[in-house]
Amino acid sequence: MGLLDKFRSGLARTKEKLAGEIKRIITLSPKLDADVLEELEATLIASDLGMPMTTRIIEAVRETYERQGRDGLDVLAVARREVEQTLGEGEVLKKNGDLTVVSVVGVNGTGKTTTCAKLAHYIRRDDGSAMLAACDTFRAAALEQLKTWGERLDTPVISGSYGADPAAVAHDAISSAQSSGAEYLFIDTAGRLHTKSNLMLELEKLHRVVGKKLEGAPHEVLLVLDATTGMNALNQAREFHKAVTVSGLVITKLDGTSKGGMVVAIQSDLGLPIKYVGLGEQPDDLQPFDAAQFAEALFTE
């Protein structure tokens with residue numbers, strides 16, 4: 001299955017709610033008056049596209065209608081174009097010298113551990129080399145979960161004991177990655193609420209330690225967000241970005257939500273690139289983000 005087909009499948013619930021409702025509104029309306037625009041606006045907001053993106057789409061629809069009239073108006077095409085232009089070109093992981101250290105952060109339950117494993121798989125699939133660092137030492141199952149993924153994907157995992165200092169584990173993992181000649185090290189950090197200042201300080205400490213061990217590390221800080229939480233993810237993104245300067249986003253569970261529009265809202269609010277999206281449970285279901293294909297899957301009948 002190609003990426004576009006995966007987007008279409010994963011975003012089916014969002015599209016059914018969004019594109020279907022837009023089509024219903026336009027089909028039943030002989031002209032585009034204030035009431036119709038208000039109904040369109042409510043539909044876009046309900047799909048978690050966010051107010052800035054909603055306003056942009058409504059203005060573009062209004063301008064197109066004034067220029068071309070009702071017969072020349074394709075609201076879905078206008079929305080697709082505006083979303084694609086806003087999201088811009090996708091970005092993948094940067095490469096930094098011999099070893100690139102990637103810290104994967106987020107609140108509990110977003111899929112960080114699985115994301116780390118899938119990112120390592122993505123690198124190895126393209127003939128790169130990767131290692132995993134099990135720095136979630138508070139949730140006992142996290143160590144076993146990452147080790148299981150490592151065995152499944154034939155990827156080395158560096159871990160400490162339950163309750164060990166996460167920064168120390170990360171420090172040792174960098175040493176191991178350098179010794180083995182790995183190109184990427186993915187650090188699986190503990191899930192933490194963005195409102196808990198002590199836990200955010202601990203994450204800052206981990207980043208300071210790896211920065212002293214290897215200049216510039218972590219070279220990427222990827223924030224994993226659960227698409228099913230909708231606009232609640234925006235507050236998470238804001239707070240994590242303040243604390244540790246996020247370099248990119250990974251959106252998981254897009255295949256099980258009607259709130260896929262939150263991708264647009266968060267990107268347009270924070271200006272952070274969406275680097276990867278999760279569209280299923282299998283290792284290959286983590287895919288580089290493609291704005292054009294995302295917009296097409298979201299707004300195509």
Side-chain angles (χ1 to χ4, degrees), residues 1-7 9-11 90-106 109-136 139 141-159 169-170 172-174 176-191 210 217-227 246-256 263 273-290 293-294:
M1 184 184 291
L3 179 56
L4 178 56
D5 290 331
K6 286 190 175 185
F7 268 130
S9 176
L11 291 167
E91 295 183 19
V92 292
L93 287 174
K94 300 171 185 174
K95 187 77 173 66
N96 183 79
D98 295 329
L99 175 63
T100 300
V101 177
V102 181
S103 177
V104 180
V105 305
T110 57
K112 292 182 303 303
T113 300
T114 302
T115 295
C116 283
K118 289 179 178 180
L119 285 168
H121 171 72
Y122 178 79
I123 295 298
R124 289 171 58 83
R125 188 182 61 193
D126 289 344
D127 297 323
S129 56
M131 292 181 68
L132 298 164
C135 293
D136 182 355
R139 182 172 64 93
L143 302 179
E144 284 69 33
Q145 184 185 4
L146 195 63
K147 288 178 181 178
T148 299
W149 271 108
E151 292 171 1
R152 177 181 175 186
L153 302 175
D154 192 26
T155 301
V157 177
I158 306 301
S159 66
V169 176
D172 293 344
I174 290 176
S176 296
Q178 289 174 319
S179 298
S180 66
E183 294 174 292
Y184 288 88
L185 172 67
F186 296 99
I187 298 177
D188 180 25
T189 68
V210 300
H219 306 102
E220 291 262 19
V221 178
L222 299 183
L223 173 61
V224 181
L225 298 171
D226 179 345
V246 173
S247 62
L249 304 174
V250 178
I251 312 295
T252 61
K253 307 179 189 179
L254 266 178
D255 56 316
V263 172
I274 300 158
K275 298 207 170 189
Y276 298 90
V277 290
L279 295 161
E281 297 296 326
Q282 299 305 312
D284 288 330
D285 289 334
L286 186 75
Q287 295 283 338
F289 182 70
D290 185 298
Q293 293 190 353
F294 176 86

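- For the atom pair CZ of Arg124 and OG1 of Thr155, the computed distance is 4.0 Å after rounding to the nearest 0.5 Å.
- Between Val105 and Leu223 there is a side-chain heavy-atom pair separated by less than 4.5 Å.
- Side-chain contact between Leu93 and Phe186: present, with at least one pair of heavy atoms (C-beta onward) separated by less than 4.5 Å.
- A 4.5 Å side-chain heavy-atom check between Thr100 and Lys94 finds every atom pair outside the cut-off.
- Not a single side chain to side chain donor-acceptor pair (under 3.5 Å) links Thr110 to another residue, sequence neighbours left out.
- The closest donor-acceptor contact from the side chain of Glu220 to the backbone of Gly248 lies at 3.5 Å or more, if one exists at all.
- Gln287 contributes no side-chain N or O that, together with a main-chain N or O of Val277, makes up a donor-acceptor pair within less than 3.5 Å.
- No more than 12 heavy atoms of other residues, nucleotides or ligands lie within 6.0 Å of CG in Asp98, so this atom counts as exposed by the packing criterion.
- Judged by distance alone, with hydrogens and angles left aside, the side-chain atoms of Thr252 form a donor-acceptor pair with the main-chain N or O of Leu225 at under 3.5 Å.
- Within a 6.0 Å radius of CD in Glu281, other residues, nucleotides and ligands contribute 12 heavy atoms or fewer.
- Interatomic distance, CG of Asp188 versus CG of Leu119, reported as 10.5 Å (0.5 Å rounding).
- With sequence neighbours excluded, no residue satisfies side chain to side chain donor-acceptor pair (under 3.5 Å) with Thr115.
- Aromatic ring pairs are classed by plane angle as parallel below 30°, tilted from 30° to 60° and perpendicular above 60°; the pair Tyr276 and Tyr122 is perpendicular.
- In this structure, Ile158 CD1 and Ser176 OG are separated by 4.0 Å, a value rounded to the nearest 0.5 Å.
- One distance of note links NZ of Lys118 with CD1 of Ile123; it measures 15.5 Å at 0.5 Å rounding.
- Evaluation of the side chain to side chain donor-acceptor pair (under 3.5 Å) rule for Gln282 yields Arg152 as partners, not counting sequence neighbours.
- Taking both residues in full, the closest heavy atoms of Leu185 and Ala177 are given as CB-CB, 4.4 Å, listed atom of the first, atom of the second, then distance.
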Quick one, Asp136 with Lys112, criterion salt bridge (charged side-chain N to carboxylate O under 4.0 Å, His left out). Give me CA distance, side-chain angles, the key distance, then yes/no.
CA-CA 10 Å; Asp136 182 355; Lys112 292 182 303 303; 5.9 Å; no
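- Residues Leu222 and Ser247 have side chains in contact (heavy-atom distance under 4.5 Å, counting atoms from C-beta outward).
- Taking 4.5 Å as the limit, some side-chain heavy atom of Leu153 sits within range of a side-chain heavy atom of Pro283.
- Between His121 and Asp284 there is a side-chain heavy-atom pair separated by less than 4.5 Å.
- Val263 has its side chain within reach of Phe289: a pair of non-hydrogen atoms, C-beta onward, lies under 4.5 Å apart.
- Rounding to the nearest 0.5 angstrom, the gap separating the CD1 atom in Ile251 from the CG atom in Leu286 is 11.0 Å.
- Put simply, NZ on Lys253 and CG on Asp226 are 4.0 Å apart, with the number rounded to the nearest 0.5 Å.
- Summarising the geometry of Ala170 relative to Cys135, their closest heavy-atom pair is N-SG, 3.6 Å, with the distance given to 0.1 Å.
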